[in-house]
Amino acid sequence: MVRVRFAPSPTGFLHIGSARTFIFNWLCARHTGGAMILRIDDTDLGRNTEASLQSIYEGLHWLDLAWDEEYKQSERLDLHRRYAAQILEKDLAYRDFTPATMEEGDKPREEGAWLYHREMRELSRGESDRRAAQGEPFALRFRVPRDPERIIRFRDAVYGEQAKSTADVEDFAILRSDGMPTYHLASCADDAGLGISHIIRGQEHLSNTFKHVLIFEAAGVAPPQFVHLPLLMAPDGMKLSKRKHGPVVSVTTYRDQGFLPHAFVNFLCLLGWSPKNDREQLARQELVDAFSFEGINRSNAVVNFKEEDPFDPKAVWLNAELIRALPMEELAERLLPFVAAAGFETDMPKMLRVTPLIRERIKLLREVATAADFFFQEELAPYDASELVPQKGDRALALSVLRKGCQALSPVSFEHDLLEAALRTAADELKIKTGQMFQPIRVAVCGRKNAPPLFATLEVLGRNTCLKRIQQAIHKLQ
């Protein structure tokens with residue numbers, strides 16, 4: 001059975017690159033009928049934060065892609081230490097008592113000996129046991145094969161055959177001097193313990209895999225299939241990072257700006273993966289059906305954003321397409337929180353009337369606050385009185401139109417067809433073009449020229465609001 005895992009560390013928000021890794025794992029699980037596992041890799045106690053953990057959960061729940069099992073590494077420390085003890089017992093690891101011991105990622109200080117500390121590596125087992133029994137702190141290091149050296153090999157589903165000599169791999173730590181497992185040991189022990197069949201992760205972990213192959217071999221476990229994903233890059237050619245590129249790399253930024261979850265998922269899938277028919281817009285089940293490792297590209301993918309426009313145009317286009325495809329009631333329901341966040345009060349019945357008028361006018365859900373604000377405001381935001389003047393007209397004509405419009409609309413039932421007939425008749429009576437009639441009315445009731453269809457807008461706003469706003473526009477021109 002295919003078993004895949006997503007293993008984030010709660011040391012920061014959910015990065016869009018991490019979200020893509022989760023999505024590819026999820027697609028693999030669902031395509032094969034396998035299991036999707038969420039494993040929180042929280043053994044780095046010095047950097048873990050509750051805020052980061054909640055950000056991960058928030059982002060994943062928003063994606064609306066459920067997982068089947070969930071674990072925390074911090075609750076599996078006994079397993080990690082048992083693996084370490086077994087590796088030590090086989091003499092495939094040794095204790096390093098060097099003061100201020102070099103932890104994971106550090107290199108020995110002895111000049112010319114960056115691969116290992118000879119004195120510690122050659123320490124007799126008896127002396128090592130004695131010093132450990134006396135409570136002397138130590139890190140546990142993997143005894144990478146040296147004499148003779150050997151070639152570590154594995155096949156990656158994306159990058160093909162990989163090989164590296166043990167002469168180029170340092171004796172890496174598997175337990176820190178405080179007894180906590182390093183990333184290398186904890187990850188491998190959990191992958192083995194949870195029966196992970198495929199490790200799907202970012203390409204930055206490709207170099208770590210040589211160490212992980214050694215750990216799996218030492219533990220007597222067959223390594224899983226490795227699948228490394230191309231990186232996500234910024235337009236400047238740099239890897240996406242919060243420090244350099246800001247909140248645009250956070251999943252919750254896309255959520256808060258009004259992306260639909262599936263539009264975001266669809267967009268991320270297309271960064272480094274292509275379905276066989278090169279389609280760009282795919283439903284969730286279509287993504288599941290089409291997913292394969294063969295479709296993953298080796299080259300890194302670029303997220304095209306600009307300082308003044310923080311979202312990739314393709315992501316925005318996909319979102320707009322899906323907004324237009326949503327059932328009206330579902331779209332209205334999704335818009336309501338953004339209306340409330342903008343400080344406006346409304347209810348579902350009114351939102352259902354407004355939504356059809358703006359659906360074609362928004363690309364992000366948050367844009368409802370600017371596309372439909374005049375539907376929810378008691379008083380319009382200030383606007384320039386010159387906006388009321390129709391094309392090829394003057395202020396006098398605008399006044400005549402508004403007064404005539406007020407007179408025409410007062411007795412009419414506020415229904416689309418009746419409103420249209422009343423204003424067209426008014427235009428005929430004034431002997432002006434309908435456009436010259438409609439523009440001042442539109443600006444008067446909406447506060448702008450660019451607004452949804454006039455008669456439907458008048459109908460939703462209602463008689464009292466429309467007549468009040470037209471009167472206020474008349475005062476602006478006097």
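Remember, it's a predicted structure, so these values are computed and weren't measured experimentally.
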*For residues Asp384 and Ser386, is any side-chain donor paired with an opposing acceptor at under 3.5 Å?*
yes
*asked:* Tell me whether Arg463 contacts the main-chain N or O of Ser410 through its side chain, where contact means a donor paired with an acceptor under 3.5 Å.
replied: yes
*Kindly indicate whether the side chain of Asn25, heavy atoms from C-beta on, has any atom under 4.5 Å from the side chain of Arg5.*
no
_Any side-chain to backbone donor/acceptor pair from His80 onto Leu175? Under 3.5 Å, distance only._
no
*Please indicate whether Glu345 has more than 12 foreign heavy atoms, meaning atoms of other residues, nucleotides or ligands, lying under 6.0 Å from its CD.*
no
*For residues Asp190 and Gln73, is any side-chain donor paired with an opposing acceptor at under 3.5 Å?*
yes
_Test item: Ser274 side-chain N/O and Leu270 main-chain N/O as donor-acceptor pair under 3.5 Å_ = no
*Apply the test side-chain hydrogen bond (donor to acceptor under 3.5 Å, both in side chains) to residues Asp41 and Ser9: give CA-CA distance (whole Å), side-chain angles for both, the deciding distance (0.1 Å), then the verdict.*
CA-CA 5 Å; Asp41 284 5; Ser9 298; 5.1 Å; no
*Would you confirm whether His15, through its side chain, and Ser250, through its main-chain N or O, come within 3.5 Å as a donor-acceptor pair?*
no
*Please state whether the rings of Phe264 and Tyr254 are parallel, tilted or perpendicular, taking 30° and 60° as the class boundaries.*
tilted
*Using atom types as modelled and distance alone, determine if a side-chain donor or acceptor of Tyr159 lies under 3.5 Å from a backbone N or O of Arg298.*
yes
_Enclosure of Met238 CE (heavy-atom neighbours >12, cutoff 6.0 Å)_ = no
*asked:* Please determine whether the number of non-hydrogen atoms from other residues, nucleotides or ligands lying under 6.0 Å from atom CZ of Arg76 exceeds 12.
replied: yes
*Lys276/Glu294 ion pair, N-O < 4.0 Å*: no
*Are the side chain of Gln257 and the backbone N or O of Leu364 linked by a donor-acceptor pair below 3.5 Å?*
no
*Is the closest side-chain donor-acceptor distance between Arg361 and Asn450 under 3.5 Å?*
yes
*Around Lys363, counting heavy atoms of other residues, nucleotides and ligands shown, do more than 12 lie under 6.0 Å from its NZ?*
no
*asked:* Side chains of Thr43 and Leu77, heavy atoms from C-beta outward: is any pair under 4.5 Å?
replied: yes
_Does either side chain, that of Glu379 or that of Gln472, offer a donor lying less than 3.5 Å from an acceptor on the other one?_
yes
_Is a donor from one side chain sitting under 3.5 angstrom from an acceptor on the other, for Glu50 and Gln54?_
yes
_Is it the case that atom CD in Glu333 sees more than 12 heavy atoms from other parts of the structure closer than 6.0 Å?_
no
*Please check if any side-chain donor atom of His228 sits under 3.5 Å from a side-chain acceptor atom of His205, or the reverse.*
no
*Among Phe305, Phe259, Phe267, the one residue meeting ring-ring contact (aromatic ring centres under 6.0 Å, His included) with Phe311*: Phe259
*Is Arg47 atom CZ crowded by more than 12 heavy atoms from other residues, nucleotides or ligands, each under 6.0 Å away?*
no
*For Asn304 and Asp312, indicate whether the former's side chain and the latter's backbone hold a donor-acceptor pair under 3.5 Å.*
no
